[in-house]
Undergrad: 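Would you mind keeping the following structure in view while I ask a few things?
Chain identifiers are assigned alphabetically (A, B, ...) following the order of the sequence lines, protein sequences preceding nucleic acid strands; residue numbering begins at 1 within each chain.
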There are 2 protein chains.
Amino acid sequence: MDVLIVEDDALHRSFLQEAVRAALPECGHVVEAENGASGEVQARSARIENVVMDLQMHERNGIEAARTIWRERPDTKILFWSNYSDEAYVRGVARIVPEGATYGYVLKSASEERLKLALRSVFIESQCVIDREVRGIQQKSLGNSLGLSDVEYEILVDVALGLTDKAIAHRKHLSLRSVQNRLQQLYEKLGIYETSGHGNEGWFNLRTRAVAVALSRRVLNASAIERAERDLKEASGSH
Amino acid sequence: MDVLIVEDDALHRSFLQEAVRAALPECGHVVEAENGASGEVQARSARIENVVMDLQMHERNGIEAARTIWRERPDTKILFWSNYSDEAYVRGVARIVPEGATYGYVLKSASEERLKLALRSVFIESQCVIDREVRGIQQKSLGNSLGLSDVEYEILVDVALGLTDKAIAHRKHLSLRSVQNRLQQLYEKLGIYETSGHGNEGWFNLRTRAVAVALSRRVLNASAIERAERDLKEASGSH
DNA sequence: CGCTGTCCTGCGGGAACCCGCAGATCTTGC
DNA sequence: GCAAGATCTGCGGGTTCCCGCAGGACAGCG
């Protein structure tokens with residue numbers, strides 16, 4: 001049994017190396033990669049089935065790497081090990097998990113014991129292990145009371161990319177008015193109206209304000225926008 | 001001579017602890033704090049003169065902590081130790097350095113030797129040490145050919161906050177048209193017109209697009225927006 | 001002094017945005 | 001089958017944004 005570690009911070013990498021060796025004495029090679037791109041290559045060439053993956057990395061982040069790895073071998077087991085439980089990351093991961101795949105999501109702030117336990121559970125027992133906190137974010141983002149639905153999230157991304165209503169309508173095969181309806185929904189959910197309603201009418205541009213709020217609530221982050229940007233270019237190129 | 005370490009990652013913190021002890025054998029206490037807020041408190045109570053500070057932290061980031069520390073004792077020597085050389089961080093640091101203060105900016109990707117050298121240079125020799133790469137960003141952001149000028153940066157932040165032109169005009173004591181002029185400048189500098197000029201007229205909302213581009217170029221980041229948000233609230237409260 | 005360059009300002013208009021209203025689907029459940 | 005709910009759509013309008021044009025203020029320079 002081999003394990004691939006994808007992590008761009010040297011200290012964390014060696015820490016992981018040790019943790020893996022300690023938690024999984026039965027495992028053979030432990031390969032390391034220091035960013036998403038080389039992680040994909042390693043996973044492919046070494047026929048890796050178990051991956052520990054950081055999310056925030058230079059060059060190519062963990063979500064993209066995981067996506068291509070899973071595209072090639074959907075039965076790969078991936079344990080995400082991240083500093084953040086930003087909704088943008090949680091949602092990004094949830095979006096790419098193949099049907100029936102086993103994965104885990106552990107925060108770096110968790111204890112070493114928790115990490116080791118997760119390593120065994122995911123790689124040996126093929127059991128999904130999601131950190132409490134991350135699970136909380138997931139729940140909240142699914143329960144449509146507070147969190148955004150998928151459609152709302154998608155239109156948020158489109159807006160954050162800087163697309164016009166017309167462009168979004170075209171892209172999503174909707175009428176202009178429908179796009180604007182969804183935008184109103186989005187503004188409602190993000191609470192844009194509260195902050196711009198009272199004494200300060202006309203002080204906020206709802207569209208840009210929504211992006212600002214989403215960013216500071218960690219619903220969006222720069223890497224999610226970049227990912228969307230690439231998808232956009234791809235789609236417009238093929239179309 | 002005492003040193004305060006402000007760093008929210010446990011591994012990095014113990015690594016720093018060791019590096020400081022090795023590089024500065026003459027130093028006495030080495031205090032640790034795991035976020036900006038407690039860092040401020042420690043610096044105040046322990047009368048610290050030398051600080052090693054991470055930038056990206058939960059709760060309260062390094063720039064804010066450094067600002068309050070320097071506000072209380074401008075002769076404190078601070079060595080920033082960060083993963084990123086984002087323009088937003090570089091500019092944020094440059095904005096808060098008091099006149100004549102000594103500080104350093106070292107990337108976490110640098111070698112341990114470089115870190116130790118920087119520790120000695122800053123704390124013992126009172127010499128400013130700025131990483132090559134960071135220096136490069138500084139230069140580029142100052143040379144107004146590519147980078148944004150201060151006015152352009154400020155209006156970018158205002159736009160990213162979601163303010164309307166009118167609100168910005170009011171805030172900055174300008175006419176509406178002047179704000180729009182500056183916006184045009186900004187769009188020019190960020191190259192918004194290139195991507196929305198050719199075949200795709202009307203596909204981008206310039207205002208939101210500018211924010212997207214600034215984010216992916218790392219001119220802006222979430223923490224810069226949050227900082228601006230707090231400044232805004234403060235200003236509108238006092239006014 | 002006049003010229004040039006830079007910045008601020010007002011005016012006007014076309015485009016995009018925000019949204020209430022109302023009708024048209026389509027699903028869900030009794 | 002029908003009522004209730006959610007979603008999509010067109011229409012109309014008020015507001016904001018984007019920007020060309022033109023004029024004014026001010027600094028630097030020969």
Undergrad: Between C1' on dT7(D) and CD on Glu152(A), what's the gap in Å once rounded to a whole number?
TA: 12 Å
Undergrad: Base, sugar-phosphate, or nothing for Leu176(A), non-hydrogen atoms under 4.0 angstrom?
TA: nothing
Undergrad: Can you tell me how far the CG atom of Asp231(A) sits from the CD atom of Glu226(A), to the nearest 0.5 Å?
TA: 12.0 Å
Undergrad: Give me the atom names and distance for the closest heavy-atom approach of Arg207(A) to Thr208(B).
TA: CD-OG1, 3.5 Å
Undergrad: Whole Å only: how far is the NZ atom of Lys172(B) from the P atom of dC7(C)?
TA: 16 Å
Undergrad: Any side-chain N or O of Tyr187(B) below 4.0 angstrom from OP1/OP2 of dC17(D)?
TA: no
Undergrad: For the pair Lys77(B) (side chain) and Phe123(B) (backbone), establish whether a donor and an acceptor sit closer than 3.5 Å, ignoring hydrogens and angles.
TA: yes
Undergrad: Could you give the NZ-to-C1' distance, from Lys166(B) to dG14(D), as a whole number of Å?
TA: 13 Å
Undergrad: For Arg207(A) and for Ser175(B), find the nucleotide of DNA chain C with the closest heavy atom, then tell me which residue's nucleotide is more 5'.
TA: Ser175(B)
Undergrad: How many whole angstroms separate atom CD1 of Ile155(A) from atom P of dT7(D)?
TA: 13 Å
Undergrad: Taking the side chain of Leu206(B) as heavy atoms from C-beta outward, which of dC19(D), dC19(C), dT9(D) is closest to it?
TA: dC19(D)
Undergrad: Nearest to the side chain of Asn205(A), which nucleotide is it out of dC19(D), dC8(C), dC17(D)?
TA: dC17(D)
Undergrad: With rounding to the nearest 0.5 Å, note down the distance linking OG1 in Thr164(B) to CG in Asp158(B).
TA: 10.0 Å
Undergrad: Once you round it to whole Å, what is the distance between P of dC17(C) and CH2 of Trp203(B)?
TA: 12 Å
Undergrad: Grab the OH-C1' distance between Tyr193(B) and dG20(D) for me, whole Å please.
TA: 12 Å
Undergrad: Please confirm whether the backbone N or O of Leu161(B) pairs with a side-chain atom of Arg209(A), one donor and one acceptor, at under 3.5 Å?
TA: yes
Undergrad: Decide side-chain hydrogen bond (donor to acceptor under 3.5 Å, both in side chains) for Gln185(A) and Arg182(A); before the verdict, give the C-alpha distance in whole Å, the side-chain angles of both, and the deciding distance to 0.1 Å.
TA: CA-CA 5 Å; Gln185(A) 252 177 275; Arg182(A) 293 191 178 181; 5.5 Å; no
Undergrad: When you measure from every atom of DNA chain C, which of residues 177-185 of chain B have a heavy atom less than 4.0 Å away?
TA: Arg177(B), Ser178(B), Asn181(B), Arg182(B)
Undergrad: Does Tyr153(B) have Arg91(B) sitting over its ring (NZ/CZ under 6.0 Å from centre, angle to axis within 45°)?
TA: yes
Undergrad: Could you say whether Thr164(A) or Val151(B) is positioned toward the 5' end of DNA chain C, judged by the nucleotide with the nearest heavy atom to each?
TA: Val151(B)
Undergrad: Specify the separation, in whole Å, of atom CD1 of Ile192(A) and atom P of dT16(D).
TA: 17 Å
Undergrad: What is the distance, rounded to the nearest whole Å, between atom CG of Asp158(B) and atom P of dC17(D)?
TA: 13 Å
